Amino acid sequence: GLKLGVRCRIRGAPTEKKMSKAANRLMRKTPVPPPLIRTPDTKDSLVERPGALKPPSPAKEGHVEAQREADRLNALQDLNILDTPNEPFFDNIVELMRRMFSVDMAIIALVDGHRSWPKASAGLGGIEVARKDAFSHKVVETGKMLHVPDALTDRHFSTHPMVRGEDGVRFYFGLPVRSADGQIVGTLAVLDRTPRHVQPHQIDALKNMARVLTDHLALRKLAVSDGLTGVLTRRAFETEGQRLAALCSRHRHALSLICFDLDHFKAINDTYGHQAGDKVLTEVAAACQSLLRESDLFGRVGGEEFGVLLPETSRRGALLVAEKIRRAVSELRFTFEGKVVGVTASFGVARDRNRRHDLSKLMGWADAAMYRAKKRGRNCCVALGVSSDPDAGRRRRVLKAGQVVFAHNSAAIDCTVRSLGADGAGVDMTSTTDVPDRFQLVIRSDGLDARCRVTSRTPTHLEVDFK
């Protein structure tokens with residue numbers, strides 16, 4: 001029965017009716033405590049919170065997750081580090097971690113929409129793997145440290161490709177690597193072919209090294225020159241380009257922009273290795289630089305993409321410069337593994353005839369022109385200017401998680417969208433072999449579900465038109 005924590009002075013024996021009235025009065029005066037509920041971010045602790053917590057709908061949860069992933073990929077894109085050559089700093093970090101932990105392998109992996117890409121590795125092959133098949137996927141997904149003492153006996157990882165495959169991984173210990181604004185862009189991990197446990201001082205050491213990586217990534221964004229080619233970094237090119245555009249607008253001077261992208265460059269990396277790709281990029285940059293004036297701005301704006309900003313240059317003059325660079329690039333020859341290899345590039349030229357120069361718009365138009373050049377068969381130059389529909393054909397450089405869906409929605413493959421416009425997109429995948437010429441492209445963060453037709457493909461990249 002109800003136990004009342006009060007002492008009542010009543011005459012005579014208490015009746016059942018009197019007791020009931022006393023209990024009702026007490027219950028009305030005593031507030032009912034709020035229910036104890038579990039918070040979404042804690043598994044075991046109970047907290048006091050007023051009212052009932054309604055579980056979010058699956059649709060809302062999916063949208064929040066998609067937006068969180070979009071923010072993460074934006075931070076990764078801002079670093080401009082994906083698909084860049086080996087750098088001594090990162091190579092030294094993984095070698096140091098391997099020796100400190102006395103393990104077989106160490107890796108710094110960056111995770112985009114569809115893959116885990118090794119920026120540096122020691123003891124591993126240095127080959128990118130599908131995101132779903134990577135230990136780093138779990139670290140990025142949870143945002144927490146992952147310690148697997150023996151993967152072969154762990155129910156989550158016992159059938160993992162890296163465990164059952166030739167790598168024979170038994171032990172994994174990894175931490176998130178964050179950008180300066182706190183977004184998880186990848187992982188720092190040590191691995192071994194023998195089961196083992198980590199000690200507290202080793203955990204502290206890996207945490208400290210992850211902080212060093214975060215600081216280094218922040219400093220990278222301040223760099224002015226590209227470490228491989230010596231030309232301006234994307235950030236420096238955009239900063240100086242905005243100043244030049246403002247100056248030309250103020251004095252009503254002409255300004256043109258050339259964007260060019262090496263054709264099938266990823267095939268060179270895949271076939272002959274990243275050192276071959278580095279040599280191509282260095283030689284192409286040197287050939288281009290030799291044809292430019294001191295007043296021109298020249299920068300590497302992507303992995304194999306370059307931009308040239310030409311003050312006091314008309315559309316016709318910019319096309320002539322682009323054609324000179326195109327010819328110089330196409331005449332380059334490289335010898336890899338006993339084979340002579342050539343390279344070509346596709347060029348887009350843009351200018352604003354009204355001389356109200358906006359660098360971001362110029363880059364958008366130049367990108368659109370460059371993709372038209374690729375559609376025409378590559379190794380050519382195409383020019384665009386302000387039209388009645390300035391956004392027609394415009395492509396933005398993006399880094400978005402997507403899915404390629406086909407076979408009546410029964411098959412879906414993760415992808416990373418690298419360029420996006422109203423009329424089409426450029427998509428990276430681990431392999432395009434099994435992808436049909438027509439499919440649906442889904443980008444959940446943008447609410448996009450578009451029917452696509454493939455216009456060109458390489459083993460790992462698709463260019464598509466929306467239909």
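Hydrogens, waters and symmetry mates are skipped; everything else that's a heavy atom, side chains included, is used. Quick caveat, the model's predicted, so the values are computed rather than measured.
Remark: aromatic rings of H216 and F90 are close, center separation under 6.0 Å. Taking the six-membered ring wherever Trp is involved, the centroid distance between the rings of F439 and F406 does not fall below 6.0 Å.
Evaluation of the side-chain hydrogen bond (donor to acceptor under 3.5 Å, both in side chains) test over residues 268-282, restricted to residues two or more places apart or in two chains, returns none. Under the ring pair (Phe, Tyr, Trp, His ring centres under 6.0 Å) criterion, no residue pair touches residues 92-130, with sequence neighbours excluded.
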Side-chain donor/acceptor pairs under 3.5 Å, residues 357-364, sequence neighbours excluded:
{"residue": "H357", "atom": "NE2", "partner": "H253", "partner atom": "O", "Å": "2.7"}
{"residue": "D358", "atom": "OD1", "partner": "S360", "partner atom": "N", "Å": "3.0"}
{"residue": "D358", "atom": "OD1", "partner": "S360", "partner atom": "OG", "Å": "2.5"}
{"residue": "D358", "atom": "OD1", "partner": "K361", "partner atom": "N", "Å": "3.1"}

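Under the 3.5 Å distance criterion, the side-chain polar atoms of R457 are matched with a main-chain donor or acceptor of V435. Side-chain atoms of D296 do not come within 3.5 Å of backbone N or O of L292 as any donor-acceptor pair.
Classification of E69 and R131 as a salt-bridged pair holds, one side-chain N sitting under 4.0 Å from a carboxylate O. Ion pairing of D446 with K400 is present here, as a side-chain N (NZ or NE/NH1/NH2) and a carboxylate O approach within less than 4.0 Å.
Under the side chain to side chain contact (heavy atoms under 4.5 Å, CB included) rule, I325 has a single partner from S330, C288, C381, which is C288.
Scored by the salt bridge (charged side-chain N to carboxylate O under 4.0 Å, His left out) test, D465 finds K375, R453 as partners (sequence neighbours excluded). Under the rule for a side chain to side chain donor-acceptor pair (under 3.5 Å), S445 has no partner lying at least two apart in sequence or in another chain. With sequence neighbours excluded, no residue forms a ring pair (Phe, Tyr, Trp, His ring centres under 6.0 Å) with H461.
With hydrogens and angles left out, the side-chain atoms of S116 and S136 include a donor and acceptor closer than 3.5 Å.
In this structure, F334 and F336 have parallel ring planes: the angle between them is below the 30° cut-off, well short of the 60° mark.
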